[in-house]
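Reviewing the structure listed below.
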Amino acid sequence: MRILVCVKRVPAPGSRINITDDALTVDTAHLGFTTSPHEECAVEEAAQLVEEHGGSVCVLTVGPAEAEEQLRYAASVGANEFVLVPNESGHDWDPQRTSHVISEAITQLEAGGERFDLILFGNESADSGGYQVGIRVAVTLGRAVVNGIKGIEIQDTTVTASREVDGGNEVYSVPLPAVLGVKEGINLPRYPTMKGRLASKKAEISSTSIDSSAGPQEKVRLHQPEEKISETEILGNGPDAAVKVVDLLDELGVL
Amino acid sequence: MPGIYVLVEHDRGEISPATFEALTAARNLAQRLTEEVVAVFIGVFDSDFNAVCTEYGISEGVVLASPLITDYGPELWGEALSQLSQERTPRIVMSVGTDKGNEVIAHASARLGSPFIANCIEVHRDSDWTITRMQWGGSLLEDVRVDTEQIFLSYAHHSVEPETAALSSDANIQIVELELDSLLTRTLVQERAAQAEGATLSTASVVVSGGRGVGSADAFAPLEELADLLAGKVGCSRAVTNNGWRSHADQVGQTGTRIAPEIYIACGISGAIQHWVGAMASKNILAINIDPEANMVTKAGYAVLGDLHEVVPAIIEEIKRRR
Ligand SMILES: Cc1cc2nc3c(=O)[nH]c(=O)nc-3n(C[C@H](O)[C@H](O)[C@H](O)COP(=O)(O)OP(=O)(O)OC[C@H]3O[C@@H](n4cnc5c(N)ncnc54)[C@H](O)[C@@H]3O)c2cc1C
């Protein structure tokens, strides 16, 4: 089977997310970058499915040239084919534009080879969190799509996908080709092996430019949410603090 | 006719309490924009729908029915809502920003090629829509402008306090039969598996969490004992799940569970922003950490400075002594 995973490169901030002076992007001057966590799990899931059923994993990202780093990481954990759709604007595209570009890229990739049996997205990207790109792409391609997936099994021509809801799980049985939005927790992503790291250096990355124009949604500015600032009461140092801690638990009525 | 159309989220007729947030938000918005609110129920009519509309001051409701809609299905629900949105051209089509709410609104907007703004906290209309929404699970806010007449959006879950506003007479409910493509039944729920009863991480009144500072899977034993003594649950940071020390079901944070206990006891957790957004709704936070500068310590209401491997057993001893 042929699986496509669409991933996003996102910054990995620590205790605070700083923004640039023009208030349009996260200030990443002192930050590392990573694959958005849901998508990291999607890559792992694809690698496991291919190990079980045979086939290949293609990973696609829309982003700056630096997003090559995330594609190479995917190569180090088992993906085989890599596509970068460049966005050199320095800003994220709006969700409709991103979806359009990905749909076009998929159509081109399928025209040049086999159809993707399964296309995986993250449920939402870690940074902008628009909750829609995978669904828009599926609607454009006329394929079935379910979001929030935490379990995938393939049987011949269908995929059984499950997701957590209040009080249990819902199970879907969807004909292939299908699109799924995956959530962190579906698996525990592997760490790259030494061999994987070496292979990733040699991975060939193809770049596919796609014409697009902005959608009707325009980012005006980013800003910090209001924060309640609280004084921290230090209950003590080391084990001697236990008495005060238990006093507090008593006061709160949880003892 | 336009109006504000609100999706009522339900599971086989049982209306999700999160929907009350959306109904409240829609009512407040309708007052500012001088629009009418219409509640939309997709599937087999249930009298609860009528009762909820009446309780939340929504005088008009629409049931979108089709023999194909026997259960939840993102494509069927999305298509049903998009047909209604196209025909009645409401100004706003919205839901609460739960997984299902966001999913259905995304489907409906995608089918019409319209923008969808997820997890809003403020919505204004002048010549355009100007909206404030959450990024990074709420760690950062984004102001957006949209220049369309009709807009699809969701209100961030937990950003609106539900408020009833009972009507003096019953809501007027209209049933609309739709023609839908049977192909879309491919994404109907096929089966369900129930979870064990009891408190979960998101509903527990005490959560005792461990981070990288705990050091290993085995070293969680004292944290488990403390959680048991307080009838609470054990949580953890992503560093812990990434190391395979605990299952992801225990992870607190942006890509884990959002908790709101009476007290959150965070042991050996630095308090990275993605962890903090999952913990910040806790009523009280106690950080146990060797580093007085750790974000968790400076943001918590209470802290103990010290090695968690000594502090946690001492707390357990003290609780046992008093019982
Ligand atoms: C997009 C994205 C999403 C993310 N989502 C989540 C999420 O949902 N949840 C989450 O938790 N993280 C999330 N993260 C990861 C997050 O950024 C941090 O890396 C993670 O929370 C760190 O875990 P930690 O606090 O356990 O470890 P560290 O940051 O390494 O902190 C360990 C802490 O333990 C203290 N310590 C060490 N030894 C002891 C001791 N013996 N006694 C007491 N204290 C001690 C140290 O002083 C330190 O403060 C996400 C990251 C990204 C990029």
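In the text below, chain A, chain B and the rest are named by the order of the sequence lines, each starting its count at 1.
- Contact annotation for A:L24: neither backbone nor side-chain heavy atoms come within less than 4.5 Å of a heavy atom of chain B.
- A distance-only check finds no donor-acceptor pair linking the side chain of A:T232 to the backbone of B:Y302 [under 3.5 Å].
- Interface summary for chain B: among A:G253, A:A241, A:S230, A:G167, the most heavy-atom pairs under 4.5 angstrom belong to A:G167.
- Using a cutoff of 4.0 Å between basic side-chain nitrogens and carboxylate oxygens, B:D99 and A:K183 are scored as salt-bridged.
- Looking at A:E40 and B:R238, a side-chain N of the basic residue comes within less than 4.0 Å of a carboxylate O on the acidic one, giving a salt bridge.
- Taking the charged nitrogens against the carboxylate oxygens, A:R143 and B:E75 have no contact shorter than 4.0 Å, which rules out a salt bridge.
- Between the B:E318 side chain and the A:A242 main chain, no donor and acceptor come within less than 3.5 Å of each other.
- Screening A:P225, A:S125, A:P11, A:S128 for a side-chain contact (heavy atoms from CB on, under 4.5 Å) with B:W136, the sole residue that qualifies is A:P11.
- Between the side chain of B:R133 and the backbone N or O of A:G129, at least one donor-acceptor pair lies under 3.5 Å.
- With hydrogens and angles disregarded, no donor-acceptor distance shorter than 3.5 Å links the side chain of B:E262 to the backbone of A:V254.
- Among B:Q190, B:E191, B:K100, the single residue meeting the side-chain contact (heavy atoms from CB on, under 4.5 Å) criterion with A:E170 is B:K100.
- When heavy atoms are compared at a cutoff of 4.5 Å, A:E164 does not approach chain B at all.
- There is no contact between A:K244 and chain B, counting heavy-atom distances below 4.5 Å.
- Checked by atom type and distance alone, the side chain of A:Q217 never pairs as donor or acceptor with a backbone atom of B:V144 at under 3.5 Å.
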